[in-house]
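Everything numeric here is computed off the predicted structure, so don't read it as measured data. Naming convention: chains lettered A, B, ... in sequence-line order (proteins, then strands); numbering from 1 in each chain.
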Amino acid sequence: MTSVTSQGQLASAASSEVIIEINQMNKWYSDFHVLKDINLTVRKGERIVVCGPSGSGKSTLIRCINALETHQEGDILVDGILLGQNLKNLDHIRTEVGMVFQNFNLFPHLTILENLTLGPIWVRKMAKAEAIETAMMYLERVKIPEQANKYPGQMSGGQQQRVAIARSLCMSPKIMLFDEPTSALDPEMIKEVLDVMVELADTGMTMIVVTHEMGFAKTIADEVIFMDEGDIVETNDPAGFFGNPQHARTQKFLNQIL
Amino acid sequence: MAIIKAQKTTARAAPLSETSVVGWLHKNLFSSVFNTLLTLVTLYVIYLTLSSVFIWGFWDATFVAENRRECFNNSLTGACWAGVIDWFDNIFYGRYPRDQIWRINFGGLLLALWMAPLWMGRVNGKVLIAVSVIAFYPFLAGYLFAGGSKNLFLQIMVTGAIVAFAINMANMITGLTRRVSLNVFVIQLFGKTSAAEKSQRNLLLLLAGLVYAAVFFWQMSWHVEVVNWTKWGGLFLTLVISGIGIASALPGGIILALGRRSKLPVVRVLSTGFIEIFRSVPLITVLFMATTMFPLFMPEGFVLNKLVQVIIAVVLFNACYMAETVRAGLQAIPKGQFEGAHTIGLGYWGTMGLVVMPQALKHMIPNIVGSFIGLLKDTTLVSIIGLYDILGMLRSISKDVPWIGLHKEPLIFGAILFFTLCFSMSKYSRHLEVKLSAGNKH
């Protein structure tokens, strides 16, 4: 049951337990300083929306959390595991953190069901029958169980993105990262993906979402982070962020997109 | 003001010029006076060529004769196919003892049977079948063709091959008749369908072990007459060299390509160096190196036969070319696929084996088959270093006393043979491409 407060906002599921802690993190692409002195604490069940102009380092930030990118300075602590030094930790982190990309990144040579069961069978060593059962359960949840035996190329973008969400969920991650999940979609498909994400938020999943969908941000976010040129410029609750932005750059950004 | 089309337009048939033969002819061949003229001239040239080929190769040709003199007596303007026909056994089997030729045919038949299930829709476990044929068949075939005494390793592999072949055939039969794979059938046969997965597996392993032991004792008493490799020749030798080349070039190429893209500097530099050295040297040089220089580097008394050296050279040379083909295929895979695989926790080998390679190999089929065709043709170079492969055999016909000076017909026959082999490979690759891309269009 979706519990919505009077302002149309999803009730917070955040607990006091910290699951991600980023401390004075810096990252460079050769000479280019992408992320500057990033500090961020995410509590279990918390939902964070990251926004900002393109090139501000939003995607890089969440890719660092998933260890798809390596940072050069500072610490990232995910579920008690320190990222950066140990390759074994990398594989472990990736099974704990699910990620959904702008371009879906489904495997085009496998059917939807195979896409979903690949991780559970080969990484989690789950029995095939059990993996299929889990996969079908998540396909039901993203409302496309009838597409199980199709290939990704035969589906619409919105359906592919929902499959991508289900694929991540099949690994039963503790944290879900979304990197502009609706940016590559036609307008009429954006809603079906956002609906799935709202439902996921409702289950108490810890989520960090990079998005330009401000309506969505208002609905689910516990906290909105605004980034510009590698800095976290403003952190605020959605009401404050949209109603009364503090920083000049935030105000300018909101004026341009709203 | 809005403009509205009230009625939906129904689809009509295309005009005849798009669909009928006459329409096609008119559009493509006779659209103007000049085009008509060109068409007629071209048809005439085609007629002249084909008719003279037909008269020389068929109408005036001699198919039965004792020697070249008889051919000339029969017709001076026709081909003398009698020489080629007389040499058929040599062309196909070289100087392999005539009473032992069944071994080659039997080996070929085994291979065909072994691979047949790969083309049957109802049979399961195709990857295993393909792996088993590459892992075991060469040892069985090698023993069958060469004969002689077998050491323990060869006995183990030959037994393995026989067991694998038997399992494969049984699996094919249960697949065709009952639509289940062999393991399921055996479990049902013993009424253990409800038993735990582990005890089922143990039962299967036990049975396989028993069969293996039985076959092992059975094959210990086998004696197959030695046929020295110098007697191997003709198409048989060509297929042995290129077959081993094809079967090992792809795995070798994949390993080298992965090595070249590796993050470990030592592996990367070694792979790159190996690939570049072999690619910058002509195959004939590699062959000469392998047969004349290689023995110098080996310890005293270490003798490898020439055929083995040639095969090693062909394999390494082609693995290097294949490595570059595979690398090109790997580079075509978008970065997102690697990232997608990483986010579901797959490590390096999982990412490569389950996500990247299957896609890359599919893209590369035309190039891979192109390399295979090149390999098949390149093996004729071994005739230069004194192996009597098919080209060597074809050329020896002209030195055989009854057929002295008969050059044209054998070489034309060879060309037809090669065309048949290469063209069928090419057609099959096209078929594979269509079949594999049927399900998943990007």
Side-chain angles (χ1 to χ4, degrees), chain A residues 59 62-63 65-69 87-88 90-112 114-125 127-129 149-155 163-164 166-173 175-177 179 184, chain B residues 124-128 181 183-184 187 193-201 262-264 267 326 329-330 332-365 432-442:
Chain A
S59 296
I62 64 168
R63 291 161 64 89
I65 296 171
N66 197 16
L68 277 179
E69 304 275 355
L87 277 175
K88 267 260 178 297
L90 274 186
D91 289 343
H92 186 62
I93 276 302
R94 285 180 183 145
T95 59
E96 302 291 317
V97 183
M99 182 151 182
V100 174
F101 301 87
Q102 185 176 347
N103 298 315
F104 331 131
N105 293 346
L106 294 176
F107 308 130
H109 64 300
L110 301 176
T111 63
I112 300 309
E114 288 165 338
N115 263 281
L116 264 61
T117 53
L118 195 70
I121 290 175
W122 290 90
V123 180
R124 293 258 191 250
K125 311 285 177 209
K128 198 175 170 193
N149 292 313
K150 282 196 182 171
Y151 286 92
Q154 299 167 316
M155 308 175 79
V163 171
R167 180 177 71 180
S168 286
L169 292 177
C170 281
M171 296 296 291
S172 37
I175 303 160
M176 283 287 284
L177 307 173
D179 188 3
Chain B
N124 296 321
K126 296 211 166 64
V127 175
L128 265 181
S181 33
N183 51 351
V184 177
I187 295 292
T193 30
S194 55
E197 213 166 296
K198 203 170 177 186
S199 87
Q200 289 186 355
R201 193 186 315 146
S262 166
K263 288 199 178 97
L264 309 169
V267 176
V326 174
L330 288 177
I333 302 299
K335 206 174 151 219
Q337 290 294 308
F338 292 87
E339 293 179 349
H342 284 316
T343 51
I344 55 167
L346 289 173
Y348 177 79
W349 293 109
T351 306
M352 284 299 169
L354 299 168
V355 176
V356 177
M357 271 303 167
Q359 295 184 57
L361 288 175
K362 204 182 78 199
H363 290 310
M364 290 182 302
I365 289 174
L432 262 188
E433 262 175 75
V434 173
K435 192 175 148 200
L436 289 179
S437 62
N440 53 86
K441 292 180 189 74
H442 293 265

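Residue A:L177 does not touch chain B at all, counting heavy-atom pairs closer than 4.5 Å. Residue contact with chain B, scored on non-hydrogen atoms closer than 4.5 Å, involves the backbone of A:V97 exclusively. Contact of A:F107 with chain B is made through backbone and side chain together, with heavy-atom distances under 4.5 Å. Neither the backbone nor the side chain of A:N103 comes within less than 4.5 Å of any heavy atom of chain B.
Looking only at heavy-atom pairs under 4.5 Å with chain A, the residue among B:A341, B:P334, B:G347 that has the most is B:A341.
Among all heavy-atom pairs drawn from B:G340 and A:R167, the shortest one is CA-NH2, 3.9 Å.
With A:H109 contributing its side chain and B:V356 its backbone, the two residues share no donor-acceptor pair below 3.5 Å.
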Is there a side chain to side chain contact (heavy atoms under 4.5 Å, CB included) between B:L346 and A:L118 once you walk through the steps?
CA-CA 9 Å; B:L346 289 173; A:L118 195 70; 3.9 Å; yes

Can you check side chain to side chain contact (heavy atoms under 4.5 Å, CB included) on B:F338 and A:N105, steps first, answer last?
CA-CA 9 Å; B:F338 292 87; A:N105 293 346; over 6 Å; no

Quick one, B:E339 with A:R63, criterion side chain to side chain contact (heavy atoms under 4.5 Å, CB included). Give me CA distance, side-chain angles, the key distance, then yes/no.
CA-CA 10 Å; B:E339 293 179 349; A:R63 291 161 64 89; 2.5 Å; yes

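Counting heavy atoms from C-beta on, the side chains of B:I344 and A:M171 come closer than 4.5 Å.
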